[in-house]
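Inspection log for the structure reproduced underneath, given as structure tokens.
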Amino acid sequence: MRLRNLFYLFAMPLAFVACSEETGTPNTPDAPDNDPEPVLTITSEMAMQFSSDGGEGVITYTLENEKEGVELNVTCSADWVTDITEGETITFNVAKNEGEKRNAIITVAYGELVQNVVIQQLSITEVAFKANYFTGEYYGSIFSPGVGNYFMHLSENGFNEDGKDLPNSKYYALDLYGPVYEGERSDNVPLPIGTYTLKVDADKEEWTIGYDPEYSAYRESDEYGSSLDPYPYDSATLVVTEKGATLTATIEGITHHVTFEGEPVVVDMRY
């Protein structure tokens, strides 16, 4: 009898534990919430620039892990940014500007997630131009002892097979002087990264833009591809980075903002 009672005494706790694991009593911790948080990403530029004429803008975005009952909300306090629509993309209109340069912010919100897109509009005395081509030739130091000479063009359409201007096109010619490239002959010489500035009294100095309007000037072509008379720069600054280039030039009182994204193409013309 004693042995039998002792067996029951030890067996009872084991039975209690087994019952607790099987039935899932409050001793078992609650399962964690595995729902991922939403992610809002603007895939277009975070800063957009418009000319004084205005126009339509498009913001692209991605939205991951959407929550039920939460909607995208797009707002802008500027009265010159209108007709905002929300869908697979966000569209809006920028009114014509007849005054000074102005800025606005379009706020894209999803719940507590917020992204801001800066809208900048130029004044009537400014021009925005996006170049699709940044091409030219490298002449070494044959015309500028000790200094490398890079003759470049920022343009929207490039040139024809003969190297001539294409019809109805715009060109920003730049006679640049920078460090000498001493590498082997190459199909594409690297354009030195840095800031080039137009200087009237500079004579082929490093990091300058030549002042001669025959080589540094803005020009347009007519419907036949004939080049019209060039407009010399009153002032000009070119910034070359690893991602592209930005030219700010003043021509007859109008400031031109020229941007290019990508790698310049520079043909080696050394003898």
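Counting begins at 1 with the first residue of the sequence.
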With distance as the sole test, does Asp212 use its side chain to make a donor-acceptor pair with the main-chain N or O of Glu214 at under 3.5 Å? yes

Heavy-atom count around Phe129 CZ within 6.0 Å, excluding the residue itself: above 12? yes

CD of Glu100: more than 12 outside heavy atoms within 6.0 angstrom? no

Closest heavy-atom contact between Asp268 and Glu184? OD2-O, 4.3 Å

Which hydrophobic side chains are connected to Tyr110, either touching it within the sub-4.5 Å cutoff or through other members that do? Leu40, Ile42, Met46, Met48, Phe50, Ile59, Tyr61, Leu63, Val70, Leu72, Val74, Trp80, Val81, Ile84, Ile90, Phe92, Val94, Ile106, Val108, Leu113, Val117, Ile119

Distance (rounded to the nearest 0.5 Å) between Thr237 OG1 and Leu247 CG: 8.0 Å

Besides Val127, the hydrophobic cluster formed by Ile, Leu, Val, Met, Phe, Trp and Tyr side chains linked at under 4.5 Å, directly or via other members, contains Ile254

Distance, nearest 0.5 Å, that separates CG of Asn188 from CD of Glu263: 5.5 Å

Step-by-step side-chain hydrogen bond (donor to acceptor under 3.5 Å, both in side chains) determination, Thr208 to Glu205: CA-CA 6 Å; Thr208 64; Glu205 298 176 6; 5.9 Å; no

Co-members of Val265 in a cluster of I, L, V, M, F, W and Y side chains, linked at under 4.5 Å: none

Does Ile251 belong to the same Ile/Leu/Val/Met/Phe/Trp/Tyr cluster as Leu154, with side-chain heavy atoms less than 4.5 Å apart forming each link? yes

Answer yes or no: are there more than 12 heavy-atom neighbours, outside Asp229 itself, under 6.0 Å from its atom CG? no

Interatomic distance, NZ@Lys96 vs OG@Ser51, rounded to 0.5 Å, equals 10.0 Å

Taking Val147's backbone N and O only, do any of them form a donor-acceptor pair with Ser144's side chain (distance below 3.5 Å, no angle check)? yes

In this structure, CG of Asp53 is separated from CD of Glu98 (nearest 0.5 Å) by 10.0 Å

Test side-chain hydrogen bond (donor to acceptor under 3.5 Å, both in side chains) on His257 and Gln49; report intermediate values, then the result. CA-CA 10 Å; His257 301 276; Gln49 190 177 75; 5.0 Å; no

Where do Leu191 and Pro264 come nearest, in terms of heavy atoms and distance? CD2-CG, 4.1 Å

Could you tell me whether the side chain of Asp187 reaches within less than 4.5 Å of the side chain of Val267, counting heavy atoms only? no

Honestly curious: do Tyr196 and Leu174 fall in one hydrophobic cluster under the side-chain, below-4.5 Å linking rule? yes

Crowded around Glu71 CD? As in, over 12 foreign heavy atoms under 6.0 Å? no

Can you name the nearest heavy-atom pair linking Ser221 to Asp165, along with the distance? CB-CB, 4.2 Å

Shortest non-hydrogen pair, Ala249 vs Tyr233, comes out as CB-CD2, 3.9 Å

Between Thr107 and Val114, does a side chain to side chain contact (heavy atoms under 4.5 Å, CB included) hold up when you go through it step by step? CA-CA 7 Å; Thr107 300; Val114 176; 3.6 Å; yes

Can you see which heavy atom on Pro213 is nearest to which on Pro232, and at what distance? CB-CB, 3.8 Å

Side chains of Thr246 and Thr259, donor plus acceptor under 3.5 Å: no

Show every donor-acceptor pair shorter than 3.5 Å between a side-chain atom in residues 130-142 and any protein atom, with sequence neighbours excluded, or say none if there are none.
| unit_1 | atom_1 | unit_2 | atom_2 | d |
| --- | --- | --- | --- | --- |
| Asn132 | ND2 | Glu156 | O | 2.9 |
| Tyr138 | OH | Tyr181 | N | 2.9 |
| Tyr138 | OH | Tyr181 | O | 3.4 |

Mind checking side-chain contact (heavy atoms from CB on, under 4.5 Å) for Asn103 and listing every partner two or more places apart, or none if nothing turns up? Gln120

Side-chain heavy atoms nearer than 4.5 Å, only ILVMFWY residues, links allowed to pass through others: does that put Val266 and Val180 together? yes

Taking all heavy atoms of Asn65 and all of Val39, pick out the closest pair and write down the distance. ND2-CG2, 4.4 Å

Just wondering, do Lys101 and Thr125 contact through their side chains at under 4.5 Å, heavy atoms? no

Hey, does Pro192 have a side-chain heavy atom less than 4.5 Å from the side chain of Pro179? yes

Apply side chain to side chain contact (heavy atoms under 4.5 Å, CB included) to the pair Glu88 and Thr60, showing each step before the final yes or no. CA-CA 8 Å; Glu88 292 185 359; Thr60 59; over 6 Å; no

For atom CD of Glu252, is the number of surrounding heavy atoms from other residues, nucleotides or ligands below 6.0 Å larger than 12? no

Tabulate below the donor-acceptor pairs under 3.5 Å that side-chain atoms of residues 166-173 make, not counting sequence neighbours, or state none.
| unit_1 | atom_1 | unit_2 | atom_2 | d |
| --- | --- | --- | --- | --- |
| Asn168 | OD1 | Glu223 | N | 3.4 |
| Ser169 | OG | Asn157 | ND2 | 2.8 |
| Ser169 | OG | Leu166 | O | 3.3 |
| Ser169 | OG | Pro167 | O | 3.0 |
| Tyr171 | OH | Gly158 | O | 2.6 |
| Tyr171 | OH | Leu166 | N | 2.8 |
| Tyr172 | OH | His256 | ND1 | 2.7 |

Taking a hydrophobic cluster as the set of Ile, Leu, Val, Met, Phe, Trp and Tyr residues connected by side-chain heavy atoms closer than 4.5 Å, whether directly or through intermediates, do Tyr231 and Met152 fall within one such cluster? yes

Can you tell me how the ring of Phe151 sits relative to the ring of Tyr215, calling it parallel under 30°, perpendicular over 60° and tilted otherwise? perpendicular

Rounded to the nearest 0.5 Å, what separation is found between the CG atom of Asn149 and the CZ atom of Arg270? 12.5 Å

Is a side-chain N or O of Thr41 found less than 3.5 angstrom from the main chain of Thr43, in a donor-acceptor match? no

Honestly curious: do Leu122 and Phe260 fall in one hydrophobic cluster under the side-chain, below-4.5 Å linking rule? no

Just so I know, are the side chains of Glu206 and Tyr177 near enough to count as touching, which here means a heavy-atom distance under 4.5 Å? no

Under the 3.5 angstrom rule, does the side chain of Ser216 hit a backbone N or O of Gly210 as a donor-acceptor pair? yes

Can you confirm whether Trp207 sits close enough to Thr195 that some side-chain heavy atom of one is under 4.5 Å from a side-chain heavy atom of the other? no

Drop me the distance from Ser227's OG to Glu220's CD, to the nearest 0.5 angstrom. 10.5 Å

